[in-house]
Asks: 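Just dropping this structure here.
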Protein chains: 2
Amino acid sequence: MAELNERKKQILAAVVEQYIKTGEPVGSKELIACTGLKVSSATVRNDMSELVSLGYLEQPHTSAGRVPSQKGYRYYVDHLMRAREIDELNRRLIDAGISSAAGDPERLITRAGEVLADLTKCASISKAPGGDSMLIRKIELVPIGVHTAMLVLLTSNGILKSRLCRLDAPLTSKLCEEFYNIVQAAILGKPASEINVASMQTVAVSVDGDSFAMLPLMAAVCELARSTAQSRILLGGSSNLLGHKEYGASAAELLEFLNKSEPITEVMRGGARPIEIRIGRENMYRQLENSSVIVAKYSVGGDDTGTIGVIGPTRMDYERIIPSVRYLTDLVGRLITQALEE
Amino acid sequence: MAELNERKKQILAAVVEQYIKTGEPVGSKELIACTGLKVSSATVRNDMSELVSLGYLEQPHTSAGRVPSQKGYRYYVDHLMRAREIDELNRRLIDAGISSAAGDPERLITRAGEVLADLTKCASISKAPGGDSMLIRKIELVPIGVHTAMLVLLTSNGILKSRLCRLDAPLTSKLCEEFYNIVQAAILGKPASEINVASMQTVAVSVDGDSFAMLPLMAAVCELARSTAQSRILLGGSSNLLGHKEYGASAAELLEFLNKSEPITEVMRGGARPIEIRIGRENMYRQLENSSVIVAKYSVGGDDTGTIGVIGPTRMDYERIIPSVRYLTDLVGRLITQALEE
DNA sequence: AATTAGCACTCATAAGCATCGAGTGCTAAT
DNA sequence: ATTAGCACTCGATGCTTATGAGTGCTAATT
């Protein structure tokens with residue numbers, strides 16, 4: 001890659017920042033005004049022209065200003081962006097926003113998504129702790145009525161799920177006992193993703209007892225485990241996207257896309273890096289060609305488990321958003337770890 | 001209200017139905033084509049003209065077809081609409097859609113909202129059982145670690161909430177015992193809406209014990225009770241609204257509106273009727289002037305407690321949606337009641 | 001009195017066209 | 001390497017005109 005000289009970098013940075021601010025193609029004069037460069041507009045034009053041939057900028061049409069290309073944004077994010085630390089204001093907003101939820105991991109994730117969406121005016125995506133390292137830590141069966149019980153499941157990551165369960169047969173203390181035996185033998189300490197109806201049936205039969213009466217309980221446990229293992233992705237602030245004029249009518253299509261679960265799961269799958277920034281077509285989906293995705297992992301007790309991020313127009317405020325996402329994921333990871341400490 | 005003759009009714013109904021189908025103003029010839037009326041277009045024009053002066057129809061401009069006015073929709077819904085029972089197809093779709101969630105009230109509500117949104121291509125709103133008749137039925141404290149416990153709260157309506165709670169002091173069995181004493185004395189059987197920090201403090205002090213160590217538990221219980229009492233309103237399928245062309249750019253504003261919690265709570269507040277249909281400006285909010293709201297209550301064990309409904313353009317398919325909402329709420333009510341039976 | 005044919009009229013929409021101006025690219029001078 | 005100067009491009013804006021769906025009215029018909 002041909003290296004850019006100082007002034008070209010400065011110009012590229014200014015175009016990106018100005019475009020992010022105004023949303024309008026930026027012209028040579030405007031650029032001089034907003035940077036204070038001590039050169040003439042003709043010089044700037046020459047440089048911009050070169051930046052176009054190098055692929056960092058684009059012109060919507062011959063007589064318009066310049067707009068950053070995908071490559072331009074990439075260069076900006078990788079080399080030109082200054083602020084790499086979150087600023088005071090955003091940090092405080094985040095702290096204040098999620099403090100109320102600090103005790104409970106699930107609420108924390110939800111809240112983190114909401115806060116991030118508000119802060120960035122983008123859509124946020126957040127995934128509760130999950131993955132293969134998530135083990136089942138505790139299962140509790142609480143009798144409610146003769147035929148009803150509630151089941152509570154807790155994982156090693158602090159995710160808590162509960163649901164009611166209706167039994168065909170009366171819930172005797174014997175049945176409870178048998179239930180705990182099975183749980184003890186076949187479920188506790190296992191990864192949530194491994195629990196399924198088939199595997200439990202085998203155990204249910206081996207521990208002798210009324211396996212017929214046990215059926216609804218087993219089914220409910222499986223379902224709880226499944227819903228925990230899948231750890232649904234939360235989409236927050238999606239209506240923020242409608243406010244961005246660059247989407248125009250395609251906002252509807254984008255929202256449609258984000259509301260499907262398969263693609264969004266894919267979108268969140270990060271690589272090895274702790275924070276992933278995908279600009280425009282770097283995303284594998286056509287529907288995201290005008291969007292950027294910034295996702296970061298957070299870890300609970302050393303395991304990488306959850307993800308939080310934003311989706312917004314390529315013309316998003318990277319300089320503010322990237323540090324915010326990074327800070328927020330760190331914070332969430334720390335808070336959850338702390339909540340689970342002995 | 002001047003009564004309409006048979007033919008005018010027929011014409012009004014046809015305009016409404018045709019407009020609902022196509023979204024275009026309907027003209028006199030088109031109307032003859034789609035009704036098979038045995039009169040000339042001039043006659044239809046005269047009738048339509050009268051329907052305009054009576055306020056049932058509107059013309060966007062002099063040389064356009066007619067569009068139902070709010071009053072027109074109202075008359076249609078009250079007097080002209082034929083199908084008052086859900087049809088086979090929709091019934092099956094609903095049954096199939098929520099069957100998987102039948103055991104657990106909360107999941108049932110969530111699922112009902114999703115199904116309804118899919119079915120109607122509108123946004124759905126659903127509220128879990130709640131209200132003053134909702135009593136706290138059970139509270140469970142399950143120790144997890146030395147400093148952590150999980151709390152589970154069940155209401156008389158089958159709503160189950162759980163969260164983790166972190167304690168400053170170790171969770172001794174004595175503390176547990178004291179906790180249950182307080183719960184027994186001051187919480188069980190009380191309406192969820194009455195539980196608050198102040199009232200609990202009084203009790204915590206009266207029952208002697210380490211009220212300082214108890215604090216986080218009390219706070220968590222209050223928060224659970226509060227979140228249950230408020231029973232957040234679920235908004236589903238809001239992206240469906242973007243597909244309706246009549247909203248155009250104002251769809252963004254509408255979504256924004258729906259994502260605020262105060263107004264939507266107001267929107268759901270029904271009157272005495274089991275099903276409420278509010279068309280256009282019959283809603284108290286400017287943002288809903290082009291929308292209709294159809295909400296119905298469902299009852300659990302005799303008490304009216306929850307609400308499920310749709311929000312969509314005034315030009316929605318009332319004939320299909322109204323029976324669907326009615327059927328769905330009945331079904332949900334029955335299923336929850338059944339799930340809670342002894 | 002109700003219905004209908006006929007026709008002039010209205011008005012949103014689209015198409016065509018001149019104008020404007022922000023911003024460019026190029027050339028020649030510094 | 002930079003800059004002043006200038007012709008050029010092309011979207012945006014605003015105006016005029018043509019089109020046509022659909023109406024409202026009048027006079028004839030049943």
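Scope of the values below: all heavy atoms of this structure, side chains included, with no hydrogens, waters or symmetry mates. Throughout, a chain's letter reflects where its sequence line sits, starting with A, and its residues are numbered from 1.
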Asks: Whole-Å distance between D/dT2 P and A/I11 CD1?
Replies: 10 Å
Asks: Does the side chain of B/Q59 get closer than 4.0 angstrom to OP1 or OP2 of D/dG24 through an N or O atom?
Replies: yes
Asks: Can A/Y76 and A/E319 be counted as having a side-chain donor-acceptor contact under 3.5 angstrom?
Replies: yes
Asks: Any chance the side chains of B/Y327 and B/E85 put a donor and an acceptor closer than 3.5 Å?
Replies: no
Asks: Angle class for the B/H79/B/Y75 ring planes (parallel below 30°, perpendicular above 60°, tilted otherwise)?
Replies: tilted
Asks: Indicate yes or no: does A/E289 engage A/R286 in a salt bridge with an N to O separation below 4.0 Å.
Replies: no
Asks: CD of B/E30 versus C1' of D/dT23: gap in Å, rounded?
Replies: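 Rounding to the nearest Å, CD of B/E30 and C1' of D/dT23 are 15 Å apart.
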Asks: Is it the case that A/N259 and B/S239 place a side-chain donor and acceptor less than 3.5 Å from each other?
Replies: yes
Asks: Only Watson-Crick and G-U wobble pairs with both distances less than 3.5 Å should count. Give DNA chain C in dot-bracket notation, marking inter-strand partners with |.
Replies: ||||||||||||||||||||||||||||||
Asks: Once you round it to whole Å, what is the distance between P of D/dT23 and CG of B/L31?
Replies: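 Atom-to-atom, B/L31 to D/dT23, this comes out as 9 Å.
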Asks: From CD of A/E6 over to P of D/dA1, roughly how many Å is that when rounded to an integer?
Replies: 17 Å
Asks: Relative to the ring of A/Y73, is the ring of A/Y19 parallel (under 30°), tilted (30 to 60°) or perpendicular (over 60°)?
Replies: tilted
Asks: In whole angstrom, give the distance that lies between atom CD1 of A/I32 and atom P of C/dT24.
Replies: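 To the nearest whole Å, that distance equals 10 Å.
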Asks: Thinking salt bridges, do B/E17 and B/K21 make one under a 4.0 Å N-O criterion?
Replies: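 Salt bridge: no.
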Asks: Within the distance-only criterion (no hydrogens, no angle test), does the side chain of A/Q70 pair as donor or acceptor with the backbone N or O of A/R281 below 3.5 angstrom?
Replies: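 Yes; at least one donor-acceptor contact below 3.5 Å.
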Asks: What distance do A/L254 atom CG and A/S291 atom OG have between them, rounded to the nearest 0.5 Å?
Replies: 4.5 Å
Asks: What is the distance, to the nearest angstrom, from the CE atom on A/M48 to the C1' atom on C/dC26?
Replies: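 Computing the A/M48:CE to C/dC26:C1' distance gives 15 Å.
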Asks: Rounded to the nearest Å, what distance is computed from the CD atom of residue B/E50 to the C1' atom of nucleotide D/dC25?
Replies: 15 Å
Asks: Could you run down nucleotides 1-19 of chain C 5' to 3' and tag each one B, S or - for protein heavy-atom contact under 4.0 Å?
Replies: --SBBB---BBS-------
Asks: If I take atom CG in residue A/L57 and atom P in nucleotide C/dG25, what distance separates them, rounded to the nearest angstrom?
Replies: 11 Å
